Structures are given as structure tokens and as C-alpha cells.
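Remarks on the structure that follows.
Please read these numbers as outputs of a predicted model, since none were measured by experiment. As a basis for the values below, the full set of heavy atoms in this structure was taken, side chains included, without hydrogen atoms, waters or symmetry mates.
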Amino acid sequence: MKKGTIALLVVLGLIVLIAFNGCSSFNSLGRKDEAVTGQWKQVEVAYQARMDKTKNLFEIVQSAADFEKNTLKDVVEARSKATSIQIDADNLTPEKLAEFQKAQDAFGSSLGRLMAISENYPQLMAVQAFRDFQTQYEGMENRISTERRRFNEMAQDYNTSIRVFPRNIWAGMFGFEKRAYFSASEGADVAPDIKAMKNNK
């Protein structure tokens, strides 16, 4: 076999290997990208469940005539702001995710304060619907935390994949970009002062 033919076969072989690697990388990155998008939907579902369950909470709390009105107003406003921020799963920039997280954290914080100081109001605590909500409250917050953690894990797996060689080359060529993460909520490193919340009337 002539040297020219051998060289041609070698070149063709390399082209086939590169093309195969490119296809494999594209498919793998596509699956990981879709997994991140799918998990984002689960995060949204968890937050939406909390929003849905608080729809009737305001009427329940208002049934306790002496309940602190400013606390309820804070929760209503925070919920309204949180529901107004929508993010496209394909455009999860760090800035947009931070804005979403800030609004959701503000709602979660005001809702947590409401739950903490509610113990100061026996009339409210006697309402069955409020007791039912209290039972569900911890589960809702735990699910949100779980879905956010899973999202970060999938985003990390995807982000790692687009940085390692040779996938980083294909990622750049095919337009795969880094995904944003959820960060720890502001003040998450400090335990909340539940006693102060309860006594804040």
C-alpha cells in the first residue's frame, strides 16, 4: 500500500474519530442541559406549591381580628413580588436567578415570621385551617430546599462537563453555556431568633 494511501486513511480515521467525539459530546451535553432544565421545572413546582397553599392563608389569618396587621401585609406584598418574577429555563443567568431567589427568600422569611409569631394569638391557633397549614409548612420548605439542592447538583455536573477537555471545545462550538447556581440565602449562616420573632408584636 502506498504511503499516500496510508496517510489518507490515517487522516480519514482521525476525522471520523473527531466527528464521533463531537457527536458524543454534543449528545452528552444536550442530555445534561435538559436535565438541568427539567430540574429547574421541579424547583418551580415546589415554589408554586408554596404559593398555592398560601392563597387562602391571608383570609384565615384575618379571621383572628387582633392579629398583627403589618406582619400579614408584609407576607402579602412579598408573595405578590415573588409571583411576579418569572424566569425562562433556557435563560437562567446568575443575575436573573439571584433576583428570583431574593424575592422567594423574602417571601419565605416573611412567611416564617408569620408562623413564628402566630403562637401569640390563641384565636388564630384555634382555626383548623391554620393548623393544617402549619402541618404542611415544614414539608413545603423542606421540598424547596431539596429541589434547589438537586438543581445545584445537576448544574454542577453540567458546568463541569463543559469545562473539561475536549468537551470544552465542543461546548464552545455548539453554544453550551454555564448554568447559574442557587446560593445560600442571606443570613442563612445565622440561626433565626425565634423567641424575638414571637415577642415582636
Side-chain angles (χ1 to χ4, degrees), residues 36 38-89 91-155 180-201:
V36 175
Q39 184 55 38
W40 171 251
K41 296 298 183 187
Q42 292 303 112
V43 170
E44 288 184 316
V45 166
Y47 276 118
Q48 188 60 51
R50 181 171 69 177
M51 293 297 174
D52 292 343
K53 289 182 187 297
T54 56
K55 279 182 181 177
N56 299 325
L57 178 64
F58 310 130
E59 292 180 16
I60 295 169
V61 173
Q62 284 176 331
S63 68
D66 65 339
F67 192 77
E68 182 184 338
K69 296 297 185 279
N70 284 338
T71 299
L72 183 58
K73 181 182 175 185
D74 289 345
V75 178
V76 172
E77 290 177 354
R79 183 183 185 276
S80 177
K81 184 172 182 180
T83 55
S84 70
I85 299 175
Q86 301 294 325
I87 302 180
D88 181 359
N91 194 22
L92 287 172
T93 64
E95 296 78 19
K96 289 182 178 179
L97 189 58
E99 181 186 9
F100 176 86
Q101 181 178 345
K102 183 178 180 181
Q104 291 292 343
D105 286 349
F107 176 55
S109 177
S110 63
L111 189 57
R113 184 169 179 269
L114 173 75
M115 300 305 292
I117 67 173
S118 65
E119 294 181 20
N120 293 334
Y121 299 87
Q123 183 182 351
L124 178 60
M125 296 299 290
V127 177
Q128 181 63 43
F130 186 78
R131 292 205 304 268
D132 292 343
F133 180 83
Q134 277 188 308
T135 302
Q136 299 169 12
Y137 175 70
E138 185 177 351
M140 289 188 300
E141 296 302 317
N142 286 340
R143 184 179 176 199
I144 288 172
S145 177
T146 297
E147 298 299 351
R148 281 173 46 147
R149 177 181 55 77
R150 288 176 180 165
F151 174 84
N152 277 354
E153 289 172 353
M154 290 185 178
Y181 295 106
F182 276 104
S183 58
S185 302
E186 187 176 343
D189 56 331
V190 179
D193 189 343
I194 302 299
K195 184 177 180 181
M197 287 182 179
K198 289 179 181 178
N199 295 328
N200 187 9
K201 298 177 74 174

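- Of the inter-residue distances, the one linking Ile85 atom CD1 with Gln104 atom CD reads 7.5 Å to the nearest 0.5 angstrom.
- Residue Tyr137 comes nearest to Gly108 through the heavy atom pair OH-O, 4.0 Å, listed as atom of the first residue, atom of the second, then distance.
- Side chain of Asn152 to main chain of Tyr181: no donor-acceptor pair is present (N/O by atom type, distance under 3.5 Å, no hydrogens or angles).
- Checking side-chain atoms of Glu95 against main-chain N and O of Leu92 turns up no donor-acceptor pair under 3.5 Å.
- In this structure, a donor-acceptor pair under 3.5 Å is present between the side chains of Arg131 and Gln128.
- The main-chain N or O of Gln39 is never found under 3.5 Å from a side-chain atom of Glu147 such that the two would form a donor-acceptor pair.
- Partners of Thr146 under the side chain to side chain contact (heavy atoms under 4.5 Å, CB included) rule, at least two apart in sequence or in another chain, are Arg149, Arg150.
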Note to self: Before you tell me yes or no, could you show the steps for Arg143 and Val45 under side-chain contact (heavy atoms from CB on, under 4.5 Å), namely the whole-Å CA-CA distance, both residues' side-chain angles and the distance that decides it to 0.1 Å?
What the structure shows: CA-CA 10 Å; Arg143 184 179 176 199; Val45 166; 3.5 Å; yes

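- Remark: Ala89 engages Thr37, Trp40, Lys41 in a side chain to side chain contact (heavy atoms under 4.5 Å, CB included) (not counting sequence neighbours).
- In this structure, Phe107 has its ring center at least 6.0 angstrom away from the ring center of Tyr47.
- Using a distance-only test at 3.5 Å, with no hydrogens or angles considered, no donor-acceptor pair links the side chain of Ser80 to the main chain of Glu77.
- Distance alone, capped at 3.5 Å, is enough to place a donor-acceptor pair between the Thr93 side chain and the Lys96 backbone.
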